[in-house]
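Reading through the structure tokens given below for one structure.
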Amino acid sequence: TATTEIYTLSLHDALPICELFFEKILSSQEILCVASINKNGIITPKFPESIEEFLGQIDSFLTKEVNIYFTPGSYEGSRRKQSDCVAMKCFFLDLDYMHGKNVYPSKEAAIEDVNRFCEDISWPPPTLVDSGGGIHVYWIFDEEVSSSVWNSYAVQFKELCLARNLIIDECVPADAARLMRVPGTLNYRYDPPAPALLLTDVFTYNFETLIEVFGSTDRKSTRLNSS
């Protein structure tokens, strides 16, 4: 079945697997983005050029009481704009259970519905992050794809989620500049702050296999470096 095994680690114990998460989900090319948002809502983006620099910037943000986010995409230049996104390595969702217009009654209910969705469309289990107020869901690719190709399928992915009655933040799935919470940090939207934790192992899947669910379409040049 597509049911995902859930576990919870302390923030300290979660750090090694969180590093693995970023090694799998981030592009090895172009410029990455990690950002903090303080209690006044001021966003401070940084644009590291390697995963090592990316992780170092997270460590720097951890010395402050700020919310820490990343973007799954990589960029051409130091701007977090959808138009500047070069590559992506995942489909992703945000399912709220603490706040928002449409929410699940509990974390467990959100995860159960993700499992139901996977079974409905014959997809494998995703990597899950508890953001402290929602469940962030990732199907990570084993190789990066161009942002233009990703966007065409991300729109279909969003439509599929809605058609299958997942309660999602509709602004998230096709946004190549979306900020997603960094696991292994604290969510300062709550008092006391809620830990953001990786809930599962880090899974990767073949992009071509995942997009089979969308039916026949022109799939030329799906890889970033295809000619």
Side-chain angles (χ1 to χ4, degrees), residues 4-28 32-38 43-46 48 50-74 80 88-100 104 106-108 110-111 113-115 118 124-142 144 168-169 172-173 175-190 192-205:
T4 301
E5 181 181 357
I6 304 298
Y7 57 82
T8 301
L9 302 175
S10 69
L11 286 177
H12 179 269
D13 292 337
L15 290 178
I17 195 169
C18 289
E19 290 186 9
L20 175 63
F21 171 77
F22 287 118
E23 289 171 359
K24 296 295 186 182
I25 203 170
L26 294 177
S27 171
S28 60
L32 307 172
C33 179
V34 60
S36 68
I37 302 180
N38 68 15
I43 302 175
T44 302
K46 299 293 182 180
S50 68
I51 293 178
E52 291 74 20
E53 188 181 344
F54 175 95
L55 294 172
Q57 185 59 60
I58 290 176
D59 286 340
S60 177
F61 282 147
L62 283 171
T63 63
K64 309 168 186 177
E65 293 187 357
V66 293
N67 292 294
I68 308 175
Y69 299 87
F70 77 103
T71 60
S74 59
R80 185 177 62 88
M88 296 289 292
K89 284 191 69 181
C90 64
F91 292 126
F92 53 94
L93 299 170
D94 181 4
L95 283 65
D96 288 320
Y97 65 82
M98 288 287 285
H99 63 273
Y104 284 92
S106 67
K107 171 171 60 178
E108 293 75 18
I111 294 171
D113 210 25
V114 170
N115 290 334
C118 291
T127 300
L128 299 180
V129 172
D130 182 352
S131 72
I135 298 296
H136 292 181
V137 187
Y138 300 91
W139 286 271
I140 303 172
F141 315 145
D142 56 16
E144 56 199 47
I168 62 172
D169 183 335
V172 170
D175 183 356
R178 175 61 49 171
L179 291 174
M180 304 292 284
R181 192 171 294 276
V182 170
T185 65
L186 291 174
N187 185 335
Y188 287 98
R189 296 182 67 176
Y190 305 102
L197 293 171
L198 193 61
L199 297 179
T200 65
D201 289 328
V202 181
F203 308 110
T204 61
Y205 301 108

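The model shown is predicted, which means the values in this text are computed figures rather than measured ones.
L32 and S27 get closest at one heavy-atom pair: CD2-O, 3.7 Å. For the residue pair P126 and V114, the shortest heavy atom distance occurs at CG-CG1, 3.7 Å. Of all non-hydrogen atoms in L186 and P193, the two that sit nearest each other are CB-CB, 4.1 Å. Nearest heavy-atom pair across E144 and S28 is OE1-N, 3.5 Å. Closest approach of L93 and P173 over heavy atoms only: CD2-CG, 3.7 Å. Taking all atoms of both residues into account, the shortest heavy-atom contact from I140 to T127 is CD1-OG1, 4.0 Å.
At a threshold of 4.5 Å between non-hydrogen side-chain atoms, the residues P192 and Y190 do not count as touching. For the pair D130 and K107, the minimum side-chain heavy-atom distance is below 4.5 Å. Residues K46 and C33 have side chains not in contact (no heavy-atom distance under 4.5 Å, counting atoms from C-beta outward). At a threshold of 4.5 Å between non-hydrogen side-chain atoms, the residues T63 and D59 do not count as touching. Side-chain atoms of M180 and P72, non-hydrogen and from C-beta on, do get closer than 4.5 Å to each other.
Between atom OH of residue Y69 and atom CZ of residue R80 there is a gap of 11.0 Å, rounded to the nearest 0.5 Å. I51 CD1 to E23 CD: the interatomic distance, rounded to the nearest 0.5 Å, is 6.0 Å. Rounding to the nearest 0.5 Å places NZ of K24 at 11.5 Å from CG of D201. The line from CZ of F61 to CG of N38 is 10.5 Å long, rounded to the nearest 0.5 Å. For the atom pair CD1 of I168 and CD1 of I135, the computed distance is 15.0 Å after rounding to the nearest 0.5 Å. Distance check, rounded to the nearest 0.5 Å: OH of Y97 to CD1 of I111 gives 8.0 Å.
In this model, a donor atom of one side chain and an acceptor atom of the other lie less than 3.5 Å apart for Y104 and D113. Side chain to side chain, R181 and N67 meet the donor-acceptor criterion of an N or O pair below 3.5 Å.
Within a 6.0 Å sphere centred on CD of E53, heavy atoms belonging to other residues, nucleotides or ligands number more than 12.
The only option from I68, L62, V129, L55 that meets the side-chain contact (heavy atoms from CB on, under 4.5 Å) definition with V182 turns out to be I68.
Classification of the F92-Y138 ring pair by plane angle, with boundaries at 30° and 60°, yields tilted. Taking the six-membered ring where tryptophan is involved, the planes of F203 and Y205 are essentially parallel, since the angle between them stays under 30° and well short of 60°.
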- Task: Please test T204 against W139 for side chain to side chain contact (heavy atoms under 4.5 Å, CB included), starting from the C-alpha separation and ending with a verdict.
- Result: CA-CA 7 Å; T204 61; W139 286 271; over 6 Å; no
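Proximity of a side-chain donor or acceptor of T71 to a complementary backbone N or O of R178 within less than 3.5 Å is not detected. In this structure a side-chain-to-backbone donor-acceptor pair under 3.5 Å is present from N187 to S131.
Ring pair F141/F91: centre-to-centre distance below 6.0 Å.
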